[in-house]
Amino acid sequence: MVAYHDEEWGVPSHDDVHLFELLTLEGAQAGLSWSTILRKRDAYRKAFAGFDPDVVARFDGADLERLLADEGIVRNRRKLESAVANARSLLQVREELDSFDAYLWSFVDGTPLVGRWRALSEIPAETAESRALSKDLKRRGFTFVGPTICYSLMQAAGLVNDHTVDCFRFAALTRAS
C-alpha cells in the first residue's frame, strides 16, 4: 500500500491500457479492500491479458469460465462480465473519441482537479464530476461504474489530486500538473 501511494496513486495517467486496468480494478474492489485487490493485481494482469482492451473485448464464454476458475482474482461473475463488457464499451469510446484517455480527461477539462484537504476525513467519496462521469459511462454501456467507483478511478489515475496538503506527494503532483 505504501509503494502504491508513494509511486502511483494520483499520478496523471494518459495510457488507455493503464486506465482500463484501473477501471477494472476499481470495479473489482467494490465491497472489498483495496489492499486485497493490490495483492491480486499481478494475477489480474495475467488473467486479463495485461489489460489490453482489444484482447479483453474478445473474451468469450470459455474465457469467462477460465476467469471464474482463477483463484488469483476475485471470482465474482458479475464483476468479471463487467470487465469484458467495459472493454467492449471502451473500444466504442475510443472509436468515437480517438482514446479513452481523452474521454476521461474531458471530465476535468484536461487538467487535474486539486483538493486542498487537511485531513483524510475531508476527502469526498464522490463529486459532481464523478457523478457526471458515472452517468455518461452507464449511458455508454459500462457497468460497475457508480459515482464512488468513478471518483476512486479519478483519484488513482490522477484526474484528481487528493493527497492531503501535508503529504509529500501533494506538492510534487501539484507542481507536475
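Computed over heavy atoms, backbone and side chain alike; hydrogens, waters and symmetry mates excluded. Positions are given from 1, in the same order as the sequence printed here.
- Going from atom CZ of F20 over to atom CG of L153 covers 11.5 Å, rounded to the nearest 0.5 Å.
- Summarising the geometry of Y44 relative to L25, their closest heavy-atom pair is CG-CD2, 3.8 Å, with the distance given to 0.1 Å.
- Scanning all heavy atoms of the two residues, the minimum distance from R58 to D63 falls at O-OD2, 4.3 Å.
- Put simply, the side chain of L64 does not reach to within 4.5 Å of the side chain of V84, judged on heavy atoms.
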CA sep, side-chain torsions, deciding dist, call: L159, L113, side chain to side chain contact (heavy atoms under 4.5 Å, CB included): CA-CA 6 Å; L159 283 79; L113 303 176; over 6 Å; no
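- In terms of hydrophobic clustering, with Ile, Leu, Val, Met, Phe, Trp and Tyr side chains grouped at heavy-atom distances under 4.5 Å, L137 and F144 are assigned to different clusters.
- In this structure, I73 and L80 have side chains that are in contact, with non-hydrogen atoms separated by less than 4.5 Å.
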Would you sort out whether W34 and E26 count as a side chain to side chain contact (heavy atoms under 4.5 Å, CB included), showing the intermediate values? CA-CA 8 Å; W34 186 242; E26 292 294 350; 3.8 Å; yes
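- Taking a 6.0 Å sphere around CZ of R78, one finds it holds 12 or fewer heavy atoms contributed by other residues, nucleotides or ligands.
- Both F48 and L68 belong to a single network of hydrophobic side chains, linked directly or stepwise wherever heavy atoms of I, L, V, M, F, W or Y lie under 4.5 Å apart.
- Atom CZ of R139 has more than 12 heavy atoms from other residues, nucleotides or ligands within 6.0 Å.
- Counting heavy atoms from C-beta outward, V17 and P53 have side chains that approach closer than 4.5 Å.
- Annotation: side chain of L32 is in contact with side chain of K79 (closest heavy-atom distance under 4.5 Å).
- Distance check: D6 CG to C167 SG gives 7.0 Å after rounding to the nearest 0.5 Å.
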Test side chain to side chain contact (heavy atoms under 4.5 Å, CB included) on L90 and F142; report intermediate values, then the result. CA-CA 8 Å; L90 184 149; F142 288 81; 4.2 Å; yes
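- V93 and I149 fall into different hydrophobic clusters, defined by Ile, Leu, Val, Met, Phe, Trp and Tyr side-chain heavy atoms under 4.5 Å apart, directly or through other members.
- N86 has its side chain within reach of T143: a pair of non-hydrogen atoms, C-beta onward, lies under 4.5 Å apart.
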Verdict with supporting geometry, N161 and T174, side chain to side chain donor-acceptor pair (under 3.5 Å): CA-CA 7 Å; N161 178 355; T174 301; 3.1 Å; yes
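- For the side-chain contact (heavy atoms from CB on, under 4.5 Å) with F170, the qualifying choice from T164, D162, V165 is V165, the only one to do so.
- Here the closest non-hydrogen pair linking W105 and G158 is CH2-O, 3.3 Å.
- A continuous path of ILVMFWY side-chain contacts below 4.5 Å connects F51 to I37, so both sit in one hydrophobic cluster.
- Distance check: E8 CD to L22 CG gives 6.5 Å after rounding to the nearest 0.5 Å.
- No side-chain heavy atom of F100 sits under 4.5 Å from any side-chain heavy atom of S89.
- The minimum heavy-atom distance linking T24 with A83 is given by the pair CG2-CB, 3.8 Å.
- The backbone N or O of C150 lies less than 3.5 Å from no partner atom in the side chain of S134, so there is not a single donor-acceptor pair.
- Tracing side-chain contacts under 4.5 Å through hydrophobic residues (I, L, V, M, F, W, Y), one never reaches V108 starting from V114; they form parts of separate clusters.
- At a threshold of 4.0 Å, the pair R94-D54 counts as salt-bridged, since one of the basic side-chain nitrogens sits closer than that to a carboxylate oxygen.
- Of the inter-residue distances, the one linking D16 atom CG with E21 atom CD reads 13.0 Å to the nearest 0.5 angstrom.
- Looking at R88 and L91, their side chains never come closer than 4.5 Å, going by heavy atoms from C-beta outward.
- In terms of modelled atom types and a separation under 3.5 Å, the side chain of H163 and the main chain of A171 share no donor-acceptor contact.
- Remark: F59 pairs with no residue by the ring-ring contact (aromatic ring centres under 6.0 Å, His included) rule, at least two apart or across chains.
- Between F107 and Y103, the two ring planes are perpendicular [angle over 60°; tilted spans 30° to 60°].
- At a threshold of 4.5 Å between non-hydrogen side-chain atoms, the residues V11 and R169 count as touching.
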